[in-house]
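Nothing here was measured: the structure is a model prediction, and the numbers come from that model. Position 1 is the first residue of the sequence; numbering continues from there.
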Amino acid sequence: MKSGIRPAIAAKAGAISVLALLLSSFVMPSAAAAAKPRSRSSSLYWGATIGAQLTGTQAPFDMTAVSKFERKEGKGLSLVGFASPFANCASSPCSFYKFPTAAMENVREHGAIPFFSWASQQTPLSLDEPDFQLADVTNGTYDPYIRDFATAAKAWGHPFFLRFNFEANGNWFPWSEQTNGNGPGQYVAAWRHVHDIFTSVGATNATWAWCPNVNISHNLQSLRSLYPGDRYVDWTCLDGFNWGARSDSPGWLSFGQVFRSTYRQIARKIAPAKPMIIGETASNDRGGSKAAWIRDMLARLAAGYPKIHGVLWFDVIDRNTHWPIETSRSVTRAFRKGIRRRVYTRNIYADLSASPIPPPR
C-alpha cells in the first residue's frame, strides 16, 4: 500500500507482479461456446473502490468522489470499498491506524455498506517486514492494537465487510506464507487469532470475507490450506482482473476465464455453504473491447454464478493500467446500462442491522 495521511488503497507490490504468475495463454470462447448461465434467485450488492482521480481524494474520505461516480453510472452504490494497513512506518516510531469510524459513517449515511480491507502490514509496503510477520500477529505482539481497533468497531455498531489479509495465496504481500519469513499454517493461525479478539470484545458487526486471488495458471498456494474454516469465515471472496495486452500478461481473458475455475473450487469444494463476493475486478482497455468485457461481466453475474452476491469494481489508476470506468464514453455507457438491471441493488442499506451481512433479496 502507498503511504499517506489517509489509509491507502490496497495495491499489489510493484516489485513482484501478479502477472508473472499467470503463465498460461487463453483464447476467448465464442458466445455460442460459452456455458449457459444458471438462473439467479437473489440480488447482488454492487459498488467500487474509487481512487483519487475523480476529486483528488479517494472515497469514502471524500464522498464527492462517490457522487461523481454514481452520476456517471446512473445508480447509487450499495458497497463502497476502501483499505488500511496496520501502521504507517514511514517515520519512527510507527503510527498505527485507528478504526476509520468517520469513513464508515460516511458510507452508511449514504445508504451503502462499507467493504473494508485491512492488512497486518506497514507502509511503505515491502515483502521484507520483519516486525509484521504472521507469527507476530499470532503471538500477541499487536493484541492491544487489534483489541482497540475491534472495540472501536463495536462502538460504531453497524455491519461492515472486513476483508482481512487478502490475496494470501499469492506471493506479492508480506502476509503470504511464501514471503517475509512466514511459514505453513501461520496464515490461518493469524486469521483465527484476530477473529477471536473481535469476538472477545463483541465486535460481531464485522462480516469476515476471506478473499484469495483467482488462480488462473493453477500455480498459486493451495486454497484449502489457507481457508480459516467455516466458523471463522462469513463470506468467501475473489479478486481477479483482465490484464489485457501488457507485459507479462496471459493475454485478453473473458470474465469467465478469469473467475470460473477458482469460483468453482471454492463454491463446490472449499466453502459450499458460504456466499461469495468479488472484492476487486476490472479490465484493461488494451487488447480487446473493455466495454464488451463489462457487458459480459454484468450479464453473467446477473444470470449465473449463483454463489456470488456482490461485486466491487476497482476504479483506481494502478501501475499504468486503465482500470477506471471513466476511461471512455463507451465503457461508461456499457457499465451504466449493465448496472441498470434490477438485480443490482441501490444504496438502501443505511438501516442495515443484520450481522453477518446476508445476501440481498
Side-chain angles (χ1 to χ4, degrees), residues 1-11 45 47-52 54-67 69 77-90 94-125 132 137 142-166 175 194-195 197-198 201-209 211 234-235 237 277 279-280 310 312 314-316 347 349-350 352-353 355-357:
M1 299 180 186
K2 300 170 186 175
S3 60
I5 296 176
R6 300 201 184 276
I9 292 175
Y45 302 119
T49 298
I50 304 170
L54 294 180
T55 65
T57 303
Q58 69 190 64
F61 307 103
D62 180 3
M63 289 299 289
T64 306
V66 172
S67 300
F69 184 87
L77 290 83
S78 51
L79 296 169
V80 176
F82 62 112
S84 172
F86 274 20
N88 185 339
C89 297
C94 296
S95 175
F96 282 77
Y97 290 103
K98 296 182 179 180
F99 181 79
T101 301
M104 291 279 183
E105 188 64 12
N106 286 346
V107 177
R108 190 193 70 82
E109 288 181 350
H110 187 71
I113 304 169
F115 187 84
F116 179 62
S117 300
W118 192 40
S120 58
Q121 65 156 113
Q122 67 177 53
T123 57
L125 175 65
F132 289 86
V137 175
Y142 297 108
D143 280 9
Y145 166 67
I146 296 168
R147 189 172 292 108
D148 286 348
F149 199 95
T151 301
K154 177 189 176 182
W156 180 62
H158 302 282
F160 67 100
F161 285 101
L162 179 56
R163 176 176 169 252
F164 181 61
N165 279 3
F166 42 92
W175 55 85
V194 175
H195 186 286
I197 292 175
F198 271 66
V201 303
T204 56
N205 51 318
T207 292
W208 292 78
C211 203
D234 299 311
W235 286 55
C237 174
I277 190 168
E280 291 182 10
L312 289 98
F314 195 66
D315 206 71
V316 178
N347 52 325
Y349 298 104
L352 180 68
S353 59
S355 186
I357 296 166

**Complete:** Interatomic distance, CH2@Trp235 vs CG@Leu162, rounded to 0.5 Å, equals 14.5 Å
**Asked** Would Tyr97 and Tyr145 satisfy ring pair (Phe, Tyr, Trp, His ring centres under 6.0 Å), going step by step from the backbone distance to the final call?
**Response** CA-CA 9 Å; Tyr97 290 103; Tyr145 166 67; 8.9 Å; no
**Prompt:** Using 30° and 60° as the class limits, which term best fits the ring planes of Phe161 and Phe115: parallel, tilted or perpendicular?
**Reply:** tilted
**Asked** Closest approach of Leu77 and Asn347, non-hydrogen atoms and distance?
**Response** O-CB, 3.0 Å
**Asked** Is there a donor-acceptor contact under 3.5 Å from the side chain of Thr55 to the main chain of Thr57?
**Response** yes
**Item:** Mutual orientation of the aromatic rings belonging to Phe99 and Phe116 [parallel < 30°, tilted 30-60°, perpendicular > 60°]
**Value:** perpendicular
**Message:** Is the shortest side-chain heavy-atom distance between Phe82 and Ser117 below 4.5 Å?
**Reply:** no
**Fill in**
Residues Val66 and Ile50: closest non-hydrogen pair is CA-CD1, 4.0 Å
**Asked** Can Phe149 and Phe96 be said to form a ring pair (Phe, Tyr, Trp, His ring centres under 6.0 Å), step by step?
**Response** CA-CA 10 Å; Phe149 199 95; Phe96 282 77; over 10 Å; no
**Minimum-distance pair of heavy atoms, taken over all atoms of Ser355 and Ala206** = OG-N, 4.3 Å
**Item:** Heavy-atom closest contact (Asn205 atom, His158 atom, distance)
**Value:** ND2-O, 2.9 Å
**Asked** For the atom pair OG (Ser78) and CG (Leu352), what is the distance rounded to the nearest 0.5 Å?
**Response** 10.5 Å
**Message:** Could you tell me if the side chain of Val316 sits less than 4.5 Å from the side chain of Thr49, heavy atoms only?
**Reply:** yes
**Prompt:** For the residue pair Ala209 and Cys237, what are the closest heavy atoms and their distance?
**Reply:** CB-CB, 4.5 Å
**Main-chain N/O of Ile357 paired to Thr207 side chain as donor or acceptor, under 3.5 Å** = yes
**Request:** Kindly determine whether Ser95 and Asn88 satisfy side-chain hydrogen bond (donor to acceptor under 3.5 Å, both in side chains), including the steps that lead there.
**Result:** CA-CA 5 Å; Ser95 175; Asn88 185 339; over 6 Å; no
**Message:** I'd like to check Ser120 versus Tyr142 (side-chain heavy atoms, cut-off strictly below 4.5 Å). Are they in contact?
**Reply:** no
**Item:** Rounded distance [0.5 Å steps], CG in Leu312 versus CG in Leu79
**Value:** 5.0 Å
**Prompt:** Among all residues two or more places apart in sequence or in another chain, which pass the side-chain hydrogen bond (donor to acceptor under 3.5 Å, both in side chains) test with Thr101?
**Reply:** none
**Prompt:** Tell me the salt bridge (Lys or Arg N to Asp or Glu O under 4.0 Å) pairs involving residues 105-123, sequence neighbours left out?
**Reply:** Glu105-Arg108
**Check: Asp234 side chain, Trp208 main-chain N or O, donor-acceptor pair, under 3.5 Å** = yes
**Item:** Beyond-backbone contact of Phe86 with Cys94, side-chain heavy atoms, under 4.5 angstrom
**Value:** no
**Item:** Test item: Trp175 and Gln121 side chains (from C-beta on) under 4.5 Å apart, heavy atoms
**Value:** yes
**Request:** I would like to know whether Val194 and Trp118 meet side chain to side chain contact (heavy atoms under 4.5 Å, CB included); could you show each step before the answer?
**Result:** CA-CA 11 Å; Val194 175; Trp118 192 40; 4.0 Å; yes
**Prompt:** Closest heavy-atom contact between Lys154 and Val201?
**Reply:** CD-O, 3.0 Å
